[in-house]
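Step one of this worksheet: look at the structure below.
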Amino acid sequence: MKGHLKSEVNSIEQALPQIMIIPADQTLKNFGALKTKRINGKNHVLRDYQKYLHDDDRFRRLSASIQNTFVKNSFPLNDLEQTLKQLNTRDAVDMASNLEQDAKTLLLQTAQPDIILELNYFNSTSLSSHDYRDKSTSYTLTAFDAYSNKSISAITSSNIKGESTTETIQNDIEPKLPELMKDLQFYYSDILTRGREITVRIVVEKGSNINLQDESIEGDTYSDWIIDFIKGESVKGAYKMQLNTKNELYFVNVRIPLINEDGTQYGVYDFTRDLQKNLRKNLGLQSTNDSQGLGEVVLTVKQL
């Protein structure tokens, strides 16, 4: 930020997102580390990263190789294994407000990367040959926005011949990483300029006497006041309203700034806190923060 304010260098274009490399769901499934469980009538995906890391020693070497290239280009990184250790130390069970918050959600909330790189790979061998040299490897490294889960860029290769899966992928992916980095840097520069994309959901507590269409002490309806707040606090008023009923307001594509005017960081937590404070101060509404994902704001409005 100092560079942006005090020099001619365009620090926004030079800013780099924080990266985290994790195994893709298909890779977890291949190693028996992904299951689906029905809880309260809903299907939930359960990811066991610890089991996966124990069963697949190749991921450590592959991610280390990719991370090394990013480090050489000054990208800040979060390490999967170290983050899992942090979760164990802090007792992840106590962090979860309910069963919908799975290992991936907790992982991202702890590390808070800007972009996640999901690595998926598998091997195949010709059924007509007993020669190990006929083994081929396919892989995909996909970059996602950790807040919106939007796909940004990807590297993929199919049926690469090689005796060692790890070395085959390493040799193929290394020359392709610089182009991926350019895509990530361009995407992050756009976020710094246009704001980070989040969703905002305001729901009325079940059984409450509040109707979002009622007139507030400010003179507007609760809904109209909240809409004006979202419009005023988002970057250039960027948002899209998907639902407006007496019990719920739902906004998508809400763009919030990453940096305050004084240069300090601003994030989803800050936006949520400001919204709660203004609901209480201007409308007399108490609310609880029921957000789970990195890029979502979920507030439950309590009874008056």
Side-chain angles (χ1 to χ4, degrees), residues 15-25 28 44-47 49 70 75-88 90-119 142-153 183-185 187-203 230 233-235 238-240 242 250-260 264-276 287-300:
L16 299 172
Q18 189 156 281
I19 307 296
M20 187 174 192
I21 304 169
I22 64 174
D25 282 355
L28 291 175
H44 294 268
V45 177
L46 304 179
R47 300 172 176 89
Y49 291 106
F70 275 90
F75 278 77
L77 294 170
N78 288 109
D79 182 74
L80 171 62
E81 197 164 7
Q82 293 303 315
T83 303
L84 289 173
K85 289 179 181 178
Q86 289 180 45
L87 277 172
N88 290 337
R90 293 167 55 184
D91 192 1
V93 175
D94 290 341
M95 293 173 59
S97 57
N98 57 54
L99 290 172
E100 293 182 8
Q101 199 169 30
D102 77 333
K104 184 177 180 179
T105 303
L106 292 170
L107 189 72
L108 296 181
Q109 284 185 340
T110 302
Q112 296 199 355
D114 296 299
I115 292 170
I116 54 175
L117 299 179
E118 289 194 352
L119 177 63
T142 308
F144 291 95
D145 185 322
Y147 287 77
S148 66
N149 204 37
K150 287 186 175 180
S151 176
I152 303 167
S153 185
D183 291 342
L184 302 189
Q185 187 170 356
Y187 182 84
Y188 192 60
S189 297
D190 183 67
I191 289 177
L192 288 171
T193 304
R194 297 174 57 216
R196 169 161 277 151
E197 190 175 319
I198 65 170
T199 62
V200 180
R201 185 172 176 232
I202 313 293
V203 296
I230 298 294
E233 295 300 313
S234 58
V235 177
Y239 75 94
K240 182 179 180 181
Q242 284 202 335
Y250 183 51
F251 305 87
V252 297
N253 306 131
V254 180
R255 293 274 186 168
I256 65 169
L258 269 69
I259 301 173
N260 290 306
T264 56
Q265 291 185 350
Y266 187 84
V268 180
Y269 173 79
D270 302 296
F271 180 87
T272 305
R273 183 183 60 184
D274 289 344
L275 178 54
Q276 282 187 288
S287 62
T288 57
N289 182 2
D290 296 316
S291 309
Q292 290 189 357
L294 277 183
E296 69 172 16
V297 176
V298 181
L299 295 183
T300 302

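We find the NZ-CZ distance between Lys240 and Phe251 to be 13.5 Å, quoted to the nearest 0.5 Å. Leu117 CG to Leu184 CG: the interatomic distance, rounded to the nearest 0.5 Å, is 6.5 Å. Here the CD atom belonging to Glu233 is positioned 6.0 Å from the OH atom belonging to Tyr266, to the nearest 0.5 angstrom. With rounding to the nearest 0.5 Å, the separation of CD in Gln265 from CD1 in Ile259 is 7.5 Å. One finds the CD1 atom of Ile115 at 12.0 Å from the CG atom of Asn78 (value rounded to the nearest 0.5 Å).
Residues Lys104 and Ile116 meet the side-chain proximity criterion, which asks for heavy atoms closer than 4.5 Å. Between Asp145 and Glu197 the shortest side-chain heavy-atom distance does not fall below 4.5 Å. Side-chain contact check for Leu16 versus Tyr188: every heavy-atom pair is 4.5 Å or farther apart. Counting only heavy atoms from C-beta outward, the side chains of Tyr187 and Ile191 approach each other to under 4.5 Å. Residues Val200 and Phe271 are in side-chain contact: their nearest non-hydrogen atoms beyond the backbone lie under 4.5 Å apart. Using a 4.5 Å heavy-atom threshold, the side chains of Pro113 and Leu294 count as touching. At a threshold of 4.5 Å between non-hydrogen side-chain atoms, the residues Asn289 and Val298 do not count as touching. You'll find the side chain of Val254 stays beyond 4.5 Å of the side chain of Val297, heavy atoms only.
In plain terms, the two heavy atoms of Leu258 and Gly195 that are nearest each other are CD1-C, 4.3 Å. Looking at every heavy atom in both residues, Thr142 comes nearest to Ser151 through CG2-OG, 3.9 Å.
For Tyr49, the ring-ring contact (aromatic ring centres under 6.0 Å, His included) test picks out no residue, with sequence neighbours left out. By the side chain to side chain contact (heavy atoms under 4.5 Å, CB included) test, Val45 pairs with Leu34, Arg47, sequence neighbours left out. Listed by chain and number, the residues in a ring-ring contact (aromatic ring centres under 6.0 Å, His included) with Phe144 amount to none (sequence neighbours excluded).
Without hydrogens or angle criteria, Gln82 side chain to Asp79 main chain gives no donor-acceptor distance under 3.5 Å. Ser234 places no side-chain N or O within donor-acceptor distance of the main-chain N or O of Ile256, the cut-off being under 3.5 Å.
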* **Pair Leu107-Leu80, side-chain contact (heavy atoms from CB on, under 4.5 Å): steps then yes or no** => CA-CA 8 Å; Leu107 189 72; Leu80 171 62; 3.5 Å; yes
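Between the side chains of Gln18 and Asp114, no donor N or O sits under 3.5 Å from an acceptor N or O. A side-chain donor-acceptor contact under 3.5 Å links Thr300 and Asp290.
For CZ of Arg255, the number of neighbouring non-hydrogen atoms (other residues, nucleotides, ligands) closer than 6.0 Å is greater than 12.
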